[in-house]
Amino acid sequence: MQNKTKYLVTAALPYANNYVHIGHLAGAYLPPDIYVRYRKLKGDDVIFISGSDEHGTAIDMAAIQENVTPQEIIDRYHFSNKKAFEDIGIGFDIFSRTSNKIHHETAQEFFLNLFNKNILIKKTEKQLYSEKEKRFLADRFVTGTCPVCGNTEARGDECEVCGSNLSPLELINPRSRITGDIPVVKEAVHLYFPLGRYQDKISEWILSKKGWKQNVINYVNGWLKSGLRDRAVTRDLEWGVKVPVENNEGKVIYVWFEAPIGYISATKEYFINKNEPARWKDYWMGDNTKLIHFIGKDNIVFHSIIFPAALMAHGEYILPDNVPANEFLNISGSKLSKSKKNGILLKDIVEKFPPDVVRYTIASILPESKDSEFSWKDLQSKNNSELAGILGNFINRTVVFAKTKFGNNIPGRKNDDGILNYIKDQTETISQNYENFKLKDALTETMNVVRAANKYFNDTEPWKLIKDEKEKCGEIINNCLQICYSIAILIYPFLPFTSEKILSILNSDKTNFKWERIGEINLESGNELGENQILFPQIEDKQIEKEMETENGSDSNAENKNDLKKITEDKTGSGLIGLEDFKKVNLRVAKVIECEAVPKSKKLLKLKLQVGDREKQIVSGISEHYKPEEMIGKLIVVVDNLKPSKLMGVDSEGMLLAAKKDGELRLVLIDGEIEPGAEVS
RNA sequence: GCCGGGGUAGCUCAGCUGGUUAGAGCGUCGGAAUCAUAAUCCGUAGGUCGGGGGUUCAAGUCCCUCUCCCGGUACCA
């Protein structure tokens with residue numbers, strides 16, 4: 001008994017700066033919930049943990065922008081997300097938050113442990129310092145003129161206008177975002193976690209892991225190959241967990257380091273609530289706990305490299321047993337560009353559709369091995385033809401039959417004809433699927449059981465037997481009702497709400513509600529049934545069309561690809577070229593009709609050009625020299641037949657001519673007026 | 001450009017270390033049945049496994065190459 005395996009299952013900590021959407025659900029919340037519900041049915045000792053990640057500059061900044069306190073921001077998202085999770089039936093044992101006192105203490109203890117062992121390294125770097133505020137300014141707390149596009153309100157880490165990645169020191173005329181104070185450059189000391197030193201240990205540890213998903217191994221190997229680098233663990237910020245070491249005023253522990261410790265703090269909190277404040281150690285420090293992190297693929301690095309390295313450094317904690325990361329769930333129709341995150345919010349979808357319908361749809365397309373695609377039509381068809389048609393129908397036809405033909409009582413039985421044993425056998429393969437984190441397969445097999453139930457009903461034809469073999473008929477219906485109970489157990493991990501409803505329809509309680517009772521006799525003959533209800537009402541076309549419309553409305557990605565695909569061979573001859581060669585280059589006059597910066601790029605501008613009666617788009621690295629608006633209307637010279645290419649994902653169908661020397665760049669322009677499209681030779 | 005992941009029936013996806021006629025669900029079409037939310041059950045059709053080349057007795061599965069999509073990274077004359 002003492003040695004029974006304990007399971008510590010975590011779901012990624014959602015950042016309390018955004019609403020959780022169904023992509024998150026598919027990646028990091030529904031899978032562990034299903035898994036945990038299965039373990040609980042098996043009677044395993046399992047705790048399911050998550051909580052809001054509530055620190056970091058993004059939250060602080062959001063607060064400033066909205067002119068509220070960070071507390072208000074995190075409260076908004078924490079409680080909203082928490083409720084959405086409850087509504088969809090994610091049964092966390094605890095959904096904590098990193099702003100809790102217990103977390104601050106835990107994180108500080110962890111930090112001090114490493115600090116006292118001299119594991120953390122001091123490094124000096126140049127940083128902006130505000131004399132007035134008497135502190136160093138974190139990246140996002142600096143505003144200035146973007147060196148790329150000239151935007152005067154660029155942030156220290158990124159220019160929101162042109163999307164360039166910046167460092168605060170690059171900004172022209174930097175100033176404090178809060179007080180407007182002009183900062184000075186000063187040397188700042190920060191503590192670093194020597195991740196590089198753990199390269200070998202991590203590598204060895206990963207290699208020793210069996211049964212990890214291939215996508216996770218690939219990701220980790222990619223990181224290991226390019227070499228692990230030390231990471232700063234302190235940051236200049238007010239909002240966060242204070243660095244518990246002298247001479248570090250105004251510094252907090254960097255969120256990447258502090259947040260995952262939240263799993264530990266949440267466990268502590270869970271046991272404090274249960275009045276067993278020391279029990280958490282049995283899980284985090286015991287030798288028979290399986291720590292399992294469910295996450296999306298964007299989190300693999302943190303959960304399979306960085307956090308384990310930190311745990312190794314600390315030394316007293318267990319390491320993850322598995323990190324079953326999922327790929328991404330895409331929304332069909334609208335290709336979600338990385339810039340705008342068009343997700344379907346969890347809190348919205350649970351208002352429109354029953355939670356189990358959403359759970360079922362998502363569970364059946366879990367991105368376990370590759371990105372998968374969600375569509376509203378899929379949800380509709382899953383509901384109508386699988387949930388209603390197969391599952392709902394079986395329960396309903398059985399119950400209606402028993403009610404009308406057997407006076408609302410469970411008819412008697414003698415012995416079964418093998419169907420229950422068949423179902424019991426199936427649980428073995430289903431169990432295997434759960435154990436291997438193959439939840440989609442588990443769902444398929446589960447539904448196959450329900451299909452078999454329908455087949456049983458069809459094959460035995462109780463509606464015929466009722467006429468002159470009522471007793472035999474009663475036995476079949478008894479079997480079907482027993483199957484209903486078994487189904488309630490089987491589907492519980494995926495459809496907990498429906499599971500409850502079935503129990504209530506059967507007028508039964510949870511005494512036999514255990515995995516090993518599947519395929520057993522769990523209902524007593526003679527008992528009265530409860531009130532019947534339709535488990536899955538049809539979803540009408542209208543309802544689906546409405547969702548599809550609202551979705552498409554927000555998406556305006558209607559760029560058709562051009563068919564012009566002339567390819568020119570460019571052979572590099574050394575020295576002189578003949579007229580023939582020169583003529584291969586098709587130079588034309590083009591008028592700039594639109595121009596904007598390419599998001600996230602430093603130097604690229606996207607230009608829409610008029611060339612004769614055609615339009616074409618080119619991308620050019622000139623934004624350090626020309627602003628988008630001053631480009632419009634200019635008559636420039638372009639190479640018209642250049643092989644098209646993509647720059648940062650944006651199509652470019654040519655190049656413009658410009659002179660360049662010593663960092664100076666000037667465009668080749670046309671003297672006077674001439675029709676765009678005119679040939680240049 | 002580079003790194004990683006993909007491209008398998010109309011749709012959504014399975015196919016581990018290469019091995020008999022490539023699978024499932026939904027959808028299609030045909031039939032049976034009528035207890036049931038016109039739900040169920042049986043059967044049918046549908047794939048040159050993105051294109052090309054190679055290794056092998058044998059490749060969706062390994063190698064090369066091309067192409068398209070996704071993510072990361074690169075920044076461009």
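Remember, predicted model here, so these are calculated numbers, not experimental data. As a basis for the values below, the full set of heavy atoms in this structure was taken, side chains included, without hydrogen atoms, waters or symmetry mates. A, B, ... follow the sequence lines: proteins, then strands. Residue 1 opens every chain.
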Q | Watson-Crick or G-U wobble mate for B:G27, both contacts under 3.5 Å | A |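 Pairing partner, where one exists within any strand: none, as none qualifies.
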Q: Would you kindly say whether A:N507 and A:N527 are connected by a side-chain donor-acceptor distance under 3.5 Å?
A: no
Q. With a 3.5 Å cut-off and no angle check, do the side chains of A:Y38 and A:E435 form a donor-acceptor pair?
A. yes
Q.
Output the rounded distance in Å from CD1 (A:I362) to C1' (B:G25).
A.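 Whole-Å distance recorded here is 17 Å.
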Q.
Tell me the interatomic distance from A:F328, atom CZ, to B:U12, atom C1', rounded to whole angstroms.
A. 20 Å
Q) Checking only heavy atoms, does the side chain of A:N393 share a donor-acceptor pair with the base of B:U37 at less than 3.5 Å? A)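 No pair found.
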Q) Any side-chain N or O of A:K377 less than 4.0 Å from the OP1 or OP2 oxygen of B:U12? A)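 No, because none of the side-chain N or O atoms of A:K377 sits under 4.0 Å from OP1 or OP2 of B:U12.
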Q.
So, OP1 or OP2 of B:G25: does either fall under 4.0 Å of a side-chain N or O from A:S385?
A. no
Q) When the P atoms of B:G19 and B:U28 are considered, how many whole Å apart are they? A) 35 Å
Q. Mind telling me whether B:G27 is syn or anti, cutoff 90° either side of 0?
A. anti
Q) Charged N to carboxylate O below 4.0 Å: is that the case for A:K438 and A:E368? A)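 Salt bridge flag = no for A:E368 with A:K438.
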Q. Between A:V400 and A:D378, which has a closest nucleotide on RNA chain B that is more 5'?
A.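 On the 5' side of the pair lies A:D378.
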Q: Pick base, sugar-phosphate or nothing for A:K440, based on heavy-atom distances below 4.0 Å to the nucleic acid.
A: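 Here A:K440 touches the backbone only, sparing every base.
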(Q) Classify the ring geometry of A:F302 against A:W256: parallel below 30°, tilted from 30° to 60°, perpendicular beyond 60°. (A)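 Tilted, since the angle between the ring planes falls between 30° and 60°.
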Q) To the side chain of A:R397, which of B:U37, B:U34, B:U40 is closest? A) B:U40
Q. For A:W463 and B:C35, is the gap between ring centres under 5.5 Å while the planes differ by less than 30°?
A. yes
